[in-house]
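Below: the structure, in structure tokens.
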Amino acid sequence: WYGVMGVGLVCHTLNPRLFADQLDYQAGRFDTITLDDSNLPVVANRRLLQPVDDDARTELQGAFASLSLPPRVHEALLADTGDDRQFALTYPFSPAFMTVLVDVAGALQRTRTGLRVLLDLLVERRDDLQVGQLVPVGDLYDVIDASDDPLSDAMRSAFEQARRIYKERLRPALLAEHGLDAKDSPTSAFVTDDRLVKTLLLAALVPQSVPFRNLTVERLVALNHGTISSPVPGQETPIAINKLRHLQAQAGELRLGDDQ
């Protein structure tokens with residue numbers, strides 16, 4: 001129980017440590033509000049992505065308004081069902097990112113909610129994520145992998161296989177491609193290629209997710225917009241194709257289709 005100052009009310013709240021039967025008893029005294037996946041952008045905006053003050057709000061709104069996205073990149077980041085209003089709510093996370101998160105979240109343990117994953121990502125990127133940048137879809141892999149037991153039984157086997165392929169085959173091939181040792185600090189070029197690989201692993205885990213359907217290298221690059229630099233605008237996809245072909249030669253688990 002607690003008092004509400006200046007209102008003259010006494011309110012009560014639920015103790016999260018209550019036993020299940022106590023929670024069941026309390027549940028009958030309150031209305032139930034059911035939130036589905038479509039509510040996540042609004043919930044994330046209200047609970048996690050609120051600016052600290054009006055100046056920060058203005059800066060973030062300006063950064064979003066000035067995003068310069070080619071039409072096909074914009075289309076990929078909206079993930080078919082998203083729109084710019086939803087994009088603005090979840091910035092720096094794109095609707096495509098949120099869609100993949102929802103599809104992955106269905107396999108997460110209850111302690112690893114979608115909001116918790118977003119929070120962990122923001123904390124992890126707090127030293128390098130700048131206003132105007134988007135969080136790449138590939139970054140989602142590391143947050144899931146960071147937990148000792150992040151997934152439900154249904155997904156655990158598939159994820160363990162993906163983790164093994166990454167650690168035993170793909171990561172060593174990436175290190176060799178960049179002339180790095182396992183103990184070396186990763187270069188920005190390595191991180192870029194690593195994100196692409198981890199996005200492909202996510203696509204293998206949740207192939208039904210809308211952003212991953214009929215995945216091409218062009219869409220792969222779009223889902224990680226801003227990570228590949230090209231001296232000639234519009235050449236990011238050929239650069240990625242070249243990177244993946246080199247990696248494919250060293251790791252047979254990675255395969256490029258004829259239509260790429």
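Among residues at least two apart or in separate chains, ring-ring contact (aromatic ring centres under 6.0 Å, His included) pairs with a member in residues 172-193 are His178-Phe190. Under the ring-ring contact (aromatic ring centres under 6.0 Å, His included) criterion, no residue pair touches residues 200-225, with sequence neighbours excluded. Within the structure, ring-ring contact (aromatic ring centres under 6.0 Å, His included) contacts touching residues 235-255 (residues at least two apart or in different chains) do not occur. Under the salt bridge (Lys or Arg N to Asp or Glu O under 4.0 Å) criterion, the residue pairs touching residues 69-98 are Arg72-Glu218, with sequence neighbours excluded. Within the structure, ring-ring contact (aromatic ring centres under 6.0 Å, His included) pairs that include any residue of residues 49-69 comprise Phe64-Phe87, Phe64-Tyr91 (at least two apart or interchain). Residues in residues 127-136 take part in these salt bridge (Lys or Arg N to Asp or Glu O under 4.0 Å) pairs, two or more places apart or across chains: Arg125-Asp128.
Residues forming a salt bridge (Lys or Arg N to Asp or Glu O under 4.0 Å) with Arg195 (at least two apart in sequence, or on another chain): Asp139. Residues satisfying the side-chain hydrogen bond (donor to acceptor under 3.5 Å, both in side chains) criterion with Asn242, sequence neighbours excluded, are absent altogether. Gln250 pairs by the side-chain hydrogen bond (donor to acceptor under 3.5 Å, both in side chains) definition with Glu177, not counting sequence neighbours. Contacts of Thr199 classified as side-chain hydrogen bond (donor to acceptor under 3.5 Å, both in side chains), with partners at least two apart in sequence or in another chain: Asn224. Arg169 pairs by the salt bridge (Lys or Arg N to Asp or Glu O under 4.0 Å) definition with Glu253, not counting sequence neighbours. Scanning for side-chain hydrogen bond (donor to acceptor under 3.5 Å, both in side chains) contacts around Thr237 gives an empty result, with sequence neighbours left out.
The distance from the CG atom of Leu223 to the CG atom of Leu140 is 11.5 Å, given to the nearest 0.5 Å.
Heavy atoms only, all atoms of each residue included: Leu205 and Ala162 are closest at CD2-CB, 4.3 Å. In terms of heavy-atom proximity, Leu215 sits nearest to Leu200 at CD2-CD2, 3.9 Å. Of all heavy-atom pairs spanning Leu115 and Leu48, the tightest one is O-CD2, 3.9 Å.
Side-chain rings of Phe159 and Tyr141 approach one another, their centers coming within less than 6.0 Å.
When atom types are taken as modelled, the side chain of Arg213 and the backbone of Pro207 share no donor-acceptor pair closer than 3.5 angstrom. A distance-only check finds no donor-acceptor pair linking the side chain of Arg57 to the backbone of Asp54 [under 3.5 Å].
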